[in-house]
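Structure record follows, encoded as structure tokens.
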Amino acid sequence: MASSSKANLAEQDEGEEAEEIEHFNDFTLASSWERFISEIEATCRQWLADGPKRLLEKGAVHLDSSDNIYKVKSELKNAAKIYSMEYYFEISGKIADWNCTLHDLQLCFGVKEFLVISPQSASGVVLDAPEATKLLSAVSIALANCSSLWPAFVPVHDPSRKAFIGIQNMGTIFTRRFEADRIGSQVPIKFMHLEGLYELFVSKFAYCMSDHSMHLFRVHLLMKLTYQTLSNDEDNYDDIQEADTENAESETSPGCGNPNRKHWDDDCPWNEWYSAEDPVMRFDLVVTWSEKVVESSLEMAEMENASPHEAEKWILAPNLYPNLSKGDRIGFASQLHLLVNALEMSFEAPFIEDFVSVENPGSDNLESTMVIPPPTVLDRVLKDLFLEDPQLPDFAKDEHKSSRAIKGAPVESLFVQFCLHSLWFGNCNIRAIAVLWIEFVQEIRWHWEESQPLPKIPANGSIDLATCLINQKLQMLAICIGKKRELNEEFEDCIGTKDDASANMEEVNKVGDESSSFHARSQAFDEKRDSLLTPEGFNGSKTVESKFSANAQDVHSSDKSTLDSIRRGSAGPVGSMKLLKLCQSLHAPFTQSAPLMTEDMHEERLRAIETFGFSFNFSAQLERETLSSDMSAFKAANPGAVFEDFIRWYSPRDWENDESEAKGPSTDLTEGMNVDWPPQGRLSRRMSESGNFWRKIWDEAPILPASEQKPLLDPNREGEKILHYLETMQPHQLLEQMVCSAFRASADTLNQTNYGSLKEMDTKMDQLYLTMASTLRPLQVNLLSNTSDTIEDLQRLCVVFEHVEKLLILAASLHRRFRQVPRISEAIFSNYYNFYLPTMGIGLADVDTQKEFDMKLQLSQNERQVVSNMFTPPTANQSWRKVLSMGNHLNGHEPILREIIFSMHDNASDNHYASSSHRDYQQDTETYRMYTCGTSNDLRVALSIISYD
């Protein structure tokens with residue numbers, strides 16, 4: 001019995017196991033399609049579980065075309081094909097407006113997050129319709145198993161059609177289906193107008209075409225039109241066509257002028273050197289109407305004739321040229337970069353001529369691209385440099401506050417003009433610079449030898465030591481030329497006077513009173529030369545009276561007249577000062593101006609002082625010529641004066657007054673007069689020492705007024721020294737000063753640009769000057785060598801200059817367009833500045849050019865007219881080339897893009913698809929939606945319909 005019971009139990013267990021085996025789901029026998037659905041479901045469940053934040057942490061990719069859209073991607077395999085499934089989602093919970101940057105499928109179907117599944121092929125679309133339907137069904141099943149409401153799309157047909165089919169489970173008895181397609185050419189005329197598009201939408205839910213006129217459908221409508229200003233290329237094409245027409249007319253009617261087309265930057269300060277491309281390619285104007293409810297096609301026809309000024313919103317979007325943020329060098333920055341390269345090569349030869357001579361051993365190192373412009377170009381440059389301007393420009397005009405921190409020269413000065421011409425001469429290579437410099441110096445020598453004034457040099461008789469040394473030399477040479485011309489003119493006047501005197505000798509003998517005429521003219525000539533000199537060295541506390549005024553303090557009129565008869569070169573008495581030995585007024589003489597010196601001459605004197613040590617006598621030796629000239633003039637103006645008189649006037653601190661020993665008023669010679677004479681006091685200790693060098697000079701100084709002295713500045717000697725310096729200076733010395741002057745002049749030129757009140761631009765210009773001053777400082781103190789790191793710093797400075805120059809050109813372009821509404825230019829520039837700022841620390845060649853500047857600015861009512869004026873009425877050529885097929889014209893311009901969203905809202909309970917058992921859906925539902933986008937030659941339609949399952 002026990003054995004039989006055990007056997008029964010074993011059989012029972014085997015039966016149960018067999019039953020369990022019969023009910024086992026063997027997935028190994030599932031089809032590949034079922035496994036494909038299961039894989040889709042697993043991926044979607046994982047994405048749902050992670051959520052947007054977790055997906056971002058796992059490396060979701062941000063879309064460059066949108067501000068707030070990310071995507072994750074997964075590869076799926078079905079049989080021999082591999083598919084790519086992408087999930088697009090947003091981070092913020094805000095509903096995106098269609099004026100924002102949306103994904104194409106979001107705009108077409110009004111969805112927020114969605115899936116896209118496509119084959120990994122060259123086209124990226126499903127060309128077989130049954131395959132596309134089957135693929136969409138698999139995704140729909142997987143999403144239903146996940147209880148997900150994500151819409152799913154499959155790209156179909158040809159990629160150029162941008163066609164999609166899609167499906168979305170609404171979580172109810174309804175399912176939304178999507179379909180989009182595009183007509184790329186030959187759009188039916190009916191669909192070019194709003195009326196035809198309206199009827200196309202109504203036909204999707206109306207039972208028959210006759211219902212269009214019999215029923216009124218409450219269709220919700222949103223419309224957005226995009227207008228575009230003409231680009232510069234289109235303007236150029238039209239101008240060429242008009243120019244050709246004008247040329248044809250001028251051939252038949254000679255004498256007719258054909259004015260050249262005006263470029264956008266013709267009145268900008270940099271236009272003298274180069275013409276910049278307008279950084280603003282065009283503007284897009286997006287005009288949006290608020291939502292309307294349309295009940296008939298007649299209302300659509302009226303809306304097509306509506307003016308864009310009636311729209312609710314105007315949004316302006318600037319389109320900038322891509323090379324604005326790319327590594328394309330423009331303007332001054334590109335040429336300054338070449339000038340720095342020339343500076344680096346300047347150390348390869350000791351003389352300028354070595355870069356021109358073909359016999360130079362180092363000429364093989366010169367690149368073959370370093371060509372020299374033809375002689376005609378050279379002549380034109382020299383003619384422009386040395387063209388005499390009757391009126392000197394204002395050298396300090398529009399000068400930046402930090403400009404003088406850079407040791408260059410004013411923009412309009414001769415040497416700076418040479419530097420700026422060198423930037424564009426022969427592409428600024430070292431050979432071209434050498435040729436131009438040699439010819440430049442030769443032209444300067446011609447002006448010197450012919451005593452012709454140098455152009456673009458201020459004739460104020462001073463040297464600006466804050467400028468570069470070459471500019472100082474040219475200023476001094478201009479002074480020497482002026483002195484030389486004066487001597488030549490005076491010599492010619494004297495020769496002419498002598499000829500006149502000899503010719504009239506007989507008449508002079510006949511008329512005895514005329515025998516002193518020549519002496520009188522000579523005396524007048526001397527007085528004329530005296531009048532050109534100025535009394536220098538006066539003590540500031542003393543006053544100088546006119547030499548023509550009478551002095552009531554003088555006694556002995558007979559002695560006074562005798563002394564005045566031999567007094568020469570007097571500028572007038574100095575207050576009440578009297579001579580020590582004679583009771584006569586102390587007169588201040590006309591003196592020669594101190595000799596002018598350039599920076600290197602001052603440094604030479606300082607080095608001499610450092611070498612020999614500073615002492616009173618050594619200082620007098622350095623100033624011997626000036627001191628002797630002043631003493632001679634003083635002796636001539638004060639006959640009978642002694643050394644102590646000169647010290648009292650010339651160096652009052654070396655005369656010590658003795659008030660305690662002062663005598664009372666002298667009355668023996670000045671009856672009735674109250675005069676303190678003689679003055680009481682003594683020389684200072686250093687002046688009274690034996691062997692004093694000042695006294696030695698006084699004893700040797702002749703009695704000569706300044707008009708009869710040898711000039712302290714020998715123009716011939718100093719002029720030849722300057723020319724010798726210019727002709728023999730080393731190449732790197734020339735290039736160092738050229739680099740400093742060119743950078744400063746380029747910045748000063750750009751600083752004259754009118755760009756309105758853009759604070760960011762002001763800040764960048766201030767920073768640019770400070771950066772240039774610190775970077776160029778080694779060049780200003782002669783610390784540069786061919787192995788110096790300064791060359792690399794100069795290259796980086798060129799990059800900084802390039803960034804600022806491009807920003808400034810953009811600022812000028814925006815300011816010119818929106819001068820009346822500066823808020824627009826300020827907003828666009830500020831936005832672009834923030835976009836461009838991260839790239840300003842690197843070279844433009846390293847800038848990521850894939851990211852483009854995108855900005856949309858909503859306009860106020862008072863700004864619309866200014867923007868509307870930018871759409872100038874089309875010319876005859878433009879009207880002939882464009883066929884206006886759409887309405888809503890703006891100053892004769894039709895929209896380049898028209899976008900419309902039609903929608904139909906129904907109550908779910910009233911819909912013929914609805915069921916009485918579903919009472920939770922009694923709200924309005926967007927049952928039909930159609931998005932159209934295009935022009936007269938292109939039309940895209942995207943339709944979404946809710947259907948009952």
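What you see is a predicted model; the values in this text were computed from it and never measured.
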Please output the side-chain donor-acceptor pairs of residues 182-189 that fall under 3.5 Å, not counting sequence neighbours, one pair per line with the distance.
{"residue": "R182", "atom": "NE", "partner": "D938", "partner atom": "OD1", "Å": "3.2"}
{"residue": "R182", "atom": "NE", "partner": "D938", "partner atom": "OD2", "Å": "3.2"}
{"residue": "R182", "atom": "NH1", "partner": "S160", "partner atom": "O", "Å": "2.8"}
{"residue": "R182", "atom": "NH2", "partner": "D938", "partner atom": "OD2", "Å": "2.7"}

- Task: Kindly determine whether S860 and E863 satisfy side chain to side chain donor-acceptor pair (under 3.5 Å), including the steps that lead there.
- Result: CA-CA 5 Å; S860 60; E863 295 170 341; 3.3 Å; yes
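- One N or O on the side chain of R898 and one on the backbone of M192 form a donor-acceptor pair closer than 3.5 Å.
- The two residues A306 and N888 have their closest heavy-atom pair at O-ND2, 3.0 Å.
- Scanning for side chain to side chain contact (heavy atoms under 4.5 Å, CB included) contacts around I896 gives T226, Q228, with sequence neighbours left out.
- If you check the side chains of N937 and T935, you find no donor sitting under 3.5 Å from an acceptor.
- Between K77 and E39, no side-chain nitrogen of the basic residue sits less than 4.0 Å from a carboxylate oxygen of the acidic one, so the salt-bridge criterion is not met.
- Every pair passing salt bridge (Lys or Arg N to Asp or Glu O under 4.0 Å) that includes a residue from residues 117-142 is listed here, sequence neighbours excluded: K81-E131.
- There is no side-chain donor-acceptor pair under 3.5 Å between H905 and Y928.
- The neighbour count for R54 CZ, taken as heavy atoms of other residues, nucleotides or ligands under 6.0 Å away, does not exceed 12.
- Considering only heavy atoms from C-beta on, F283 stays 4.5 Å or farther from N319 through its side chain.
- Applying the ring-ring contact (aromatic ring centres under 6.0 Å, His included) test to Y227 and every residue at least two apart in sequence or in another chain returns nothing.
- Aromatic ring pairs are classed by plane angle as parallel below 30°, tilted from 30° to 60° and perpendicular above 60°; the pair F205 and F201 is perpendicular.
- Inspection of the Q46 and T43 side chains reveals no N or O donor paired with an N or O acceptor under 3.5 Å.
- Applying the side chain to side chain contact (heavy atoms under 4.5 Å, CB included) test to T763 and every residue at least two apart in sequence or in another chain returns Q767.
- Separation of the Y836 and F853 ring centroids does not fall under the 6.0 Å cut-off.
- Listed for the S947 side chain is a donor-acceptor partner under 3.5 Å among the backbone atoms of T175.
- Contact detail for E926 and S903: the closest heavy-atom pair is OE2-CB, 3.5 Å.
- The side chain to side chain donor-acceptor pair (under 3.5 Å) pairs that include a residue from residues 139-149 are E41-N145, where partners are two or more places apart or lie in different chains.
- The main-chain N or O of L194 is found under 3.5 Å from a side-chain atom of E304 such that the two form a donor-acceptor pair.
- A donor atom on one side chain and an acceptor atom on the other are found under 3.5 Å apart for E760 and S830.
- Within a 6.0 Å sphere centred on CD of E113, heavy atoms belonging to other residues, nucleotides or ligands number more than 12.
- Of the residues L136, I40, V126, the one that meets the side chain to side chain contact (heavy atoms under 4.5 Å, CB included) test with I117 is I40.
- Y83 and E75 form no side-chain donor-acceptor contact under 3.5 Å, judged by distance and modelled atom types alone.
- Under the 30°/60° scheme for interplanar angles, the aromatic rings of F153 and F178 are found to be tilted.
- Side-chain atoms of Q168 come within 3.5 Å of backbone N or O of L149 as a donor-acceptor pair.
- In this structure a side-chain-to-backbone donor-acceptor pair under 3.5 Å is missing from S118 to P155.
- Among residues two or more places apart in sequence or in another chain, the ring-ring contact (aromatic ring centres under 6.0 Å, His included) test is passed with F871 by H893.
- No close placement of the F109 and F164 rings is indicated, their centers lying 6.0 Å or farther apart.
- Applying the ring pair (Phe, Tyr, Trp, His ring centres under 6.0 Å) rule to pairs touching residues 124-148 yields nothing, sequence neighbours excluded.
- Paired with Y198 under the rule side chain to side chain contact (heavy atoms under 4.5 Å, CB included), one option of I900, V294, L298 passes, and it is V294.
- A salt bridge links D278 with R817; the closest basic N to acidic carboxylate O contact falls under 4.0 Å.
- Nearest approach of E299 to V293, heavy atoms of both residues: OE1-O, 3.8 Å.
- Looking at E894, its side chain never comes within 3.5 Å of a backbone N or O of H889 through a donor-acceptor pair.
- Residues satisfying the side-chain hydrogen bond (donor to acceptor under 3.5 Å, both in side chains) criterion with S868, sequence neighbours excluded, are N891.
- Residues passing the ring-ring contact (aromatic ring centres under 6.0 Å, His included) test with F89, sequence neighbours excluded: Y87.
- In terms of modelled atom types and a separation under 3.5 Å, the side chain of S31 and the main chain of E34 share a donor-acceptor contact.
- Qualifying ring-ring contact (aromatic ring centres under 6.0 Å, His included) partners for H103, counting only residues two or more places apart in sequence or in other chains: Y88, F114.
- Screening residues 147-167 for salt bridge (Lys or Arg N to Asp or Glu O under 4.0 Å), with sequence neighbours left out, gives R161-D181.
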- CA sep, side-chain torsions, deciding dist, call: E291, I901, side chain to side chain contact (heavy atoms under 4.5 Å, CB included): CA-CA 9 Å; E291 184 174 356; I901 297 178; over 6 Å; no
